[in-house]
Amino acid sequence: MDFEIKKIDEWRFLIPKAGAMRVPGLIFSSSELMPNIKDDQSLQQVVNVATLPGIVKHALAMPDIHWGYGFPIGGVAAFTMENGIISPGGVGYDINCGVRLLTTSLLANEIRPKIKELISALFKAIPTGVGSRGRIRLSRGEEKKVAVQGASWAVKKGLGTKEDLERTEDHGAMQGADPSVVSDRAFKRGHDQLGTLGSGNHFLEIQAVDEIYDQKIADAFYLFEGQLAVLIHSGSRGFGHQICDDFLKEMGTHVKGLGFNLPDRQLACAYIKSNMGKRYLSGMACAANYAWANRQIIMHWTRETFEKVLGINPSDLNMEPLYDVCHNIAKLETHVVDGKKLALCVHRKGATRSLPPGHPDVPERYRKVGQPVLIPGDMGTCSYVLAGSQKAMEETFGSTCHGAGRVLSRKQAIKAAKGRAISRELEDKGIIVQSRGKTTLKEEISEAYKDVSLVVEAVHMAGLAKKVARLRPLGVIKG
DNA sequence: ATGTTC
């Protein structure tokens, strides 16, 4: 490594501008988490991102940073609309991968005897695994509508309510989506995958709220101790993956003609203002909308499954989305930089938006306390709810962490789990798990991840979001 | 993440 790391305070580490870097790197971490990343490639990736045209202030990294395609996962980078670039590698292969948390009026303890039955029914209702096909077959015309309308497409089809949309980031629809830039292959891959969970770290978990850190905000979020909740983690499936793939290929050639050097070919990009940049944004928005429709539909089937298995009315279940956030996206936003309002394209790759109290884009019901920030942990530990902050607006373009972050690669994790019965290990901890394949569970063992509590503590202490509640898993379905 | 090497 040929760069320096300076400790600013307990929670901030600076990589001073050097060589081809246009801005310094700023890492949010802690003395406990820093050793995890010092030897991997992710900090070099922060340095690489800092060389890209039009980058503003800092190349940022959250405490859950780890190695990714070109850009690190757990990274944030903002570029001016005027001179900046947009890069598929800064968004990630799973465009609009994200999480949606559902609250209920049920007590977890009362439902505990039913968890196994619920998990089994959810596993039947929601297809999981790589290449899994859903219960919906979309004609090309309908699939284009999904790509433009997002979650509201599902609501129009009776799969949810208008209120659900109000509790979804951007109302579950990104503007500027243009299906004409999406390849035939992407549409083919997406036509039967709506309402499917996928594989890897995607999951659906039944959880119990087990600790409240901020009572006032918890009240505003309708969270209470002992409450039964459901967390859905999924994305844009093969549809978004293909869109990313298509644009990476195109931009790989395109970027060679732009006259600047890339430290890594995986940083393929285009100027935001160029036709190529605009086309990517339009395609990315299609994938983002597909993902929002996907999580909306998965939620609808989750509601139906709970009502059926528990034999209760919707009004007694009261299963409502607390919020739905995306953590793989690039967005056009206005931020104050050095006292000046600037139009920026903010890349959040494995990072969550964290809007402060009073911000107009926070749903009205939460506006006084800030945007809900949902942080899934690894399988078998816990997840967190936080609230957005002003400090995040000032330091990270309104962003915070997105999860635990890997410490072992998938290969290393499979090796570490060799010969172990992971589902049995989880059952011994009181967590019922049902998965399509054994390999996914091995890839996802707890040891493969950083301690999510340390990650959340680091962003809380840095002021990038405020801890509200912790949730423990009771049951999980996986790919 | 991903029809896990079109």
Side-chain angles (χ1 to χ4, degrees), chain A residues 42 45 64-75 87-100 127-134 137-138 143 182-204 232-250 252-253 266 268 283-284 286-288 290-292 294-295 298 325-330 347-352 376 378-379 402-406 408-415 417 435-444 448-449 477-479:
Chain A
S42 61
Q45 292 189 314
D64 48 343
I65 182 178
H66 58 109
W67 179 87
Y69 184 93
F71 288 57
I73 296 163
S87 173
V91 171
Y93 266 95
D94 190 5
I95 297 165
N96 191 4
C97 181
V99 281
R100 175 179 296 223
T128 67
V130 174
S132 53
R133 303 166 72 180
R137 296 285 123 86
L138 296 165
E143 196 174 1
V182 174
S183 68
D184 182 59
R185 194 188 235 184
F187 280 120
K188 275 188 177 141
R189 287 180 71 174
H191 93 280
D192 59 359
Q193 291 196 323
L194 203 58
T196 66
L197 196 63
S199 183
N201 62 3
H202 290 167
F203 63 76
L204 183 151
I232 296 162
H233 183 194
S234 188
S236 51
R237 312 287 291 102
F239 184 71
H241 189 275
Q242 189 62 48
I243 290 171
C244 178
D245 224 26
D246 291 338
F247 278 97
L248 276 172
K249 204 172 173 200
E250 265 194 85
T253 312
Q266 294 187 351
M284 183 202 72
C286 290
Y290 189 100
W292 270 316
N294 191 35
R295 291 195 291 273
I298 291 171
V325 297
C326 53
H327 49 228
N328 275 10
I329 201 77
H347 293 61
R348 296 190 184 92
K349 182 188 190 180
T352 312
D378 65 86
M379 186 177 63
H402 87 304
R406 279 193 173 275
L408 298 181
S409 69
R410 287 182 179 161
K411 233 181 194 172
Q412 288 171 320
I414 291 167
K415 204 176 158 191
S435 84
R436 187 69 50 196
K438 282 177 188 165
T439 318
T440 310
L441 288 187
K442 289 184 177 176
E443 285 174 354
E444 294 294 312
Y449 286 90
I477 69 170
K478 295 278 297 178

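These numbers come from the heavy atoms of this one structure, side chains and all, not from hydrogens, waters or symmetry mates. Throughout, a chain's letter reflects where its sequence line sits, starting with A, and its residues are numbered from 1.
- Rounded to whole Å, the distance from CD on Glu444(A) to P on dT2(B) is 11 Å.
- When the P atom of dT2(B) is taken as reference, atom NE2 of His202(A) falls 5 Å away, rounded to whole Å.
- Note on Arg410(A): a base of the nucleic acid sits closer than 4.0 angstrom, heavy atoms only.
- Between the C1' atom of dT2(B) and the CG atom of Asn96(A) lies a distance of 16 Å, rounded to the nearest Å.
- Between the NE2 atom of His241(A) and the C1' atom of dC6(B) there is a distance of 13 Å, given to the nearest Å.
- Using a 4.0 Å heavy-atom criterion, one finds that Ser199(A) contacts the sugar-phosphate atoms exclusively.
- At the heavy-atom level, Glu443(A) lies nowhere under 4.0 Å from the strands shown.
- Within 4.0 Å of Gly238(A), counting heavy atoms only, lie sugar-phosphate atoms of the nucleic acid but no base atom.
- In this structure, Lys411(A) places its NZ atom 16 Å from C1' of dT2(B), rounding to the nearest Å.
- Residue-level contact check: Gly200(A) touches the backbone only, with heavy atoms under 4.0 Å from sugar-phosphate atoms and none from bases.
- Distance, Tyr93(A) OH to dT2(B) P: 13 Å, rounded to whole Å.
- Across the interface with DNA chain B, nearest-nucleotide mapping of Gln242(A) and Arg185(A) shows Gln242(A) to be the residue nearer the 5′ end.
- Residue Arg436(A) contributes atom CZ, which lies 14 Å from atom P of dT2(B) at whole-angstrom precision.
- Between the side chains of Ser234(A) and Arg100(A), no donor-acceptor pair is found at a separation under 3.5 Å.
- Contact annotation for Arg133(A): no contact, since no heavy-atom pair falls under 4.0 Å across all strands.
- Side-chain N/O atoms of Tyr290(A) and Asn96(A) include no donor and acceptor closer than 3.5 Å.
- Asp246(A) and Ser183(A) are linked by a side-chain donor-acceptor pair at a separation below 3.5 angstrom, with hydrogens and angles left out of the test.
- Checked against side-chain hydrogen bond (donor to acceptor under 3.5 Å, both in side chains), Asn328(A) has no partners two or more places apart in sequence or in another chain.
- Here the two rings, on His233(A) and His402(A), have centers that are 6.0 Å apart or farther.
- Going from atom NZ of Lys478(A) over to atom C1' of dT4(B) covers 15 Å, rounded to whole Å.
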